[in-house]
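Accompanying notes for the structure given below.
When reading the values below, keep in mind they use all heavy atoms of this one structure, side chains included, and skip hydrogens, waters and symmetry mates. Below, chains carry the letters A, B, ... as their sequence lines are ordered, and counting in each starts from 1.
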2 protein chains.
Amino acid sequence: MTEAMLVVSALDAAGYRLTGPRRALATVMAEMDGPFTAARVAGEAHDRGIRVGRATVFRTIDALERAGAIERIDLPSGEHAYVACAPAHHHHVVCSACGHTAEVADGALVALVTEIGRRTGFRIDEHRLELFGRCPSCVRAAGEGRG
Amino acid sequence: MTEAMLVVSALDAAGYRLTGPRRALATVMAEMDGPFTAARVAGEAHDRGIRVGRATVFRTIDALERAGAIERIDLPSGEHAYVACAPAHHHHVVCSACGHTAEVADGALVALVTEIGRRTGFRIDEHRLELFGRCPSCVRAAGEGRG
DNA sequence: CATCAAGTGAGACTGTGTATCATCTTGCCA
DNA sequence: TGGCAAGATGATACACAGTCTCACTTGATG
Ligand SMILES: [Mn+2]
Ligand SMILES: [Mn+2]
Ligand SMILES: [Zn+2]
Ligand SMILES: [Zn+2]
């Protein structure tokens, strides 16, 4: 609930109009558990009786991404997923079993990126670190299975 | 030339058959300058008079990726591109102006990933670092423009 | 060579994302 | 409070990425 409002206010702050479809979709996305694809948002919206065009789903994802309220994750499968998250720069660990994510602060990575820039001679202005594995609870569940 | 042979032998080592289409496409990919999309491989092959089905391009990219001879890069635009590269684990810096890439050894990143695993409780088994910016020669070119 | 599992190409098909355009809404202001 | 222009919407058509099927071909192996 308050999560959806954060998403909506990010839209507002970025100068986008606060429309019905955007509010509804922001709520759907904020309540999603783990990364979601455009198709899943459209499906979930449909299931809740929210009647919104497919193009609007893509446009809203686009607007939210530009507003910094959601972020794209390129899954190893090639799919594009998104997660609602803080507007500050950070990265994500994604559980490949249940989809839960955790945010990871940039921390030591900035120094590493600087060093890579120095060594390669590239002027690096964008980087992306994505981590995949099992979240604590899925690790625990798997352990029990064989324990 | 020898680059293409490396790609072909990686295929061989992974137990794939060495067919005409695969050799031809491996050559095309090895000679590509910077990351290439499936569509660009198909286009380039066509331009060289190599008659090969579109499905085969996708299947060959797939086989080469599994063989470790090429690697996918998720461009910020959302496109999927590939680069021919060494089979050892590493990452890429991509020039967003000219497309040139440089390989970056994992180095200090492994420790960082371990630390992230410890802090988040995730058992991380895959990570991906992608860096985008300007290569040395594009930086130089831009500098001259205003010098 | 003969054999046959693996690979190929044509083409249909699914899915993602974009373009168009007539219609509707929002934010703003008189 | 109503009027309006810019911006947003949705229906639909479209462009493109990637997969699937299936009849046919080819490479590796002996
Ligand atoms: Mn995030
Ligand atoms: Mn590589
Ligand atoms: Zn999990
Ligand atoms: Zn460059």
Under 4.0 Å between a side-chain nitrogen and a carboxylate oxygen: does that hold for B:Glu44 and B:Arg48?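 A salt bridge is present here (some side-chain N lies under 4.0 Å from a carboxylate O).
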What is the distance, rounded to the nearest whole Å, between atom [atom1] of [X] and atom [atom2] of [N]?
X       : N      : atom1 : atom2 : answer
A:Glu79 : C:dG17 : CD    : C1'   : 14 Å
B:Asp74 : D:dA17 : CG    : C1'   : 14 Å
A:Asp62 : C:dG17 : CG    : P     : 10 Å
A:Arg40 : C:dG15 : CZ    : C1'   : 17 Å
B:Arg22 : D:dA28 : CZ    : C1'   : 13 Å
B:Tyr16 : D:dT26 : OH    : C1'   : 18 Å
A:Phe36 : C:dT16 : CZ    : C1'   : 16 Å
A:Phe58 : C:dT20 : CZ    : C1'   : 17 Å

Among C:dA19, C:dG9, D:dA17, which nucleotide has an atom closest to any side-chain atom of A:Ala55?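 Side chain of A:Ala55 sits closest to C:dA19.
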How are the rings of B:His127 and B:His91 set relative to one another: parallel (under 30°), tilted (30 to 60°) or perpendicular (over 60°)?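 Geometry flag for B:His91 against B:His127: tilted rings.
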Can a side chain N or O of B:Thr19 be found less than 4.0 Å away from OP1 or OP2 on D:dG27?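 Result: no.
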Taking only the side-chain nitrogens and oxygens of B:Arg23, find out if one of them lies under 4.0 Å from OP1 or OP2 of D:dT26.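 The answer is no; no side-chain N or O of B:Arg23 sits under 4.0 Å from OP1 or OP2.
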Residue mapping more 5' on DNA chain D - nearest nucleotide basis, A:Arg54 or A:Arg59: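 This one resolves to A:Arg59.
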Does any N or O in the side chain of B:Arg72 come within less than 3.5 Å of the main-chain N or O of A:Pro76, such that one atom is a donor and the other an acceptor?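 Judged by distance alone, yes, a pair lies under 3.5 Å.
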I want to confirm an ordering. Mapping B:Val52 and B:Arg17 to their closest nucleotides on DNA chain C, which one lands closer to the 5' end?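 Closest to the 5' end, via its nearest nucleotide, is B:Arg17.
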Does atom CZ (A:Arg134) have a neighbourhood of more than 12 heavy atoms from anything else shown, all under 6.0 Å?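 Counting neighbours around CZ of A:Arg134, 12 or fewer heavy atoms of other residues, nucleotides or ligands fall under 6.0 Å, so no.
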